[in-house]
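One structure below.
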Protein chains: 2
Amino acid sequence: MAEYEIGSFKIELDLTKPLYEQVLDQIRHAIARGEVELGSKIPSVRELALQLKINPNTVMRAYQELERDKLCETRRGQGTFITTSEEKVMEIKKSLAKDALNVFVSSMKDLGMDRSSAQKLLEEVEWE
Amino acid sequence: MAEYEIGSFKIELDLTKPLYEQVLDQIRHAIARGEVELGSKIPSVRELALQLKINPNTVMRAYQELERDKLCETRRGQGTFITTSEEKVMEIKKSLAKDALNVFVSSMKDLGMDRSSAQKLLEEVEWE
DNA sequence: TTAAGTGTATTATATCACTTAATACACTTA
DNA sequence: TAAGTGTATTAAGTGATATAATACACTTAA
């Protein structure tokens, strides 16, 4: 589809999920990984839409959800800025990790597997 | 939405995912858990559609995918039957577990977490 | 032979989330 | 004042999903 580099992280889009969700996820994860400087400005709605070759409305939808999570702060006429709250970042990181964990545990249970089976899988999986 | 009991397992539908996918997943997982007798007959397309209050075409779509995975065998005029291959069941169980594991690992990496962090989460999570 | 119950196929329609497009307004900064 | 921001609105298009109605082929049992 298209890609765009923001500071040290890159946004890449495909057709597997809604575009606004991909933009949202990738920025959110980049913040969680600490790859975006707190308080820094991210591209304007129009600019990112242009680079990713998608509609400004789609970008805005992602930005608005970031703001709902308090990960971003938008200032009319100025732009959209990453939160300065280290606490918020840790919070969202924990939350995303917990969500992923719950999905995994549910899947294991659905397959009738116990904790130690899951642990064994995790030990044996190729990581890097 | 609706639910239906098949042998020892139950199908419940909601609005979070495509219906055919829920039917498919729930039967597939029940097989993987060993809750369905191998070689047994599952409800007819029309019967299950009636019980779940959904369209027969939707049920058929799920059944056809089960057949593609060789988890079921359909006999025209007779019905749809669970595979008798214990091997196929183990295969699909491994496959589903691997998929879930990969999703989890990807999520952890997206958050910049290493294997031991993931293991710690798994150790600490409430299981039952 | 017949009737009922199977899987399967086809065509049409409806719905909904997602996306795009075009435009306008409010605000900030240089 | 002009350019660049976020925001809002309305309209339209697209594709996956689901429903509806109908028909056909096959199997089984009465």
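Reminder, nothing fancy here: chain letters follow the sequence lines and each chain counts from 1. The structure presented is a predicted model; accordingly, all values stated were derived computationally and were not measured.
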Determine all donor-acceptor pairs shorter than 3.5 Å in which one atom belongs to a side chain in residues 117-128 of chain B; sequence neighbours excluded.
unit_1, atom_1, unit_2, atom_2, d
B/S117, OG, B/D114, OD1, 2.6

Whole angstrom value for the distance that separates C1' of C/dT8 from OH of B/Y20: 19 Å
Distance below 4.0 Å between B/T80 side-chain N/O and C/dG7 OP1 or OP2: yes
OP1 or OP2 of D/dT17 under 4.0 Å from side-chain N/O of B/T58: no
Nucleic acid footprint by protein, nucleotides 23-30 of chain D - heavy-atom cut-off 4.0 Å, B for base, S for sugar-phosphate alone: B-BBSS--
Salt bridge (Lys or Arg N to Asp or Glu O under 4.0 Å): pairs with one or both residues in residues 70-95 of chain A, sequence neighbours excluded: A/E73-A/R75, A/K88-A/E91
Taking side chain to side chain donor-acceptor pair (under 3.5 Å) as the test, write out the residues that go with [X], two or more places apart.
X: B/N102; result: none
X: A/Y4; result: none
X: A/E67; result: A/T74

Strand DNA chain C as a dot-bracket string - pairs counted if Watson-Crick or G-U with both distances under 3.5 Å, | where the partner lies in another strand: ||||||||||||||||||||||||||||||
Contacts of B/Y63 that satisfy ring pair (Phe, Tyr, Trp, His ring centres under 6.0 Å) - sequence neighbours left out: none
side-chain hydrogen bond (donor to acceptor under 3.5 Å, both in side chains) contacts in which one or both residues fall within residues 41-50 of chain B, not counting sequence neighbours: B/E47-B/Q51
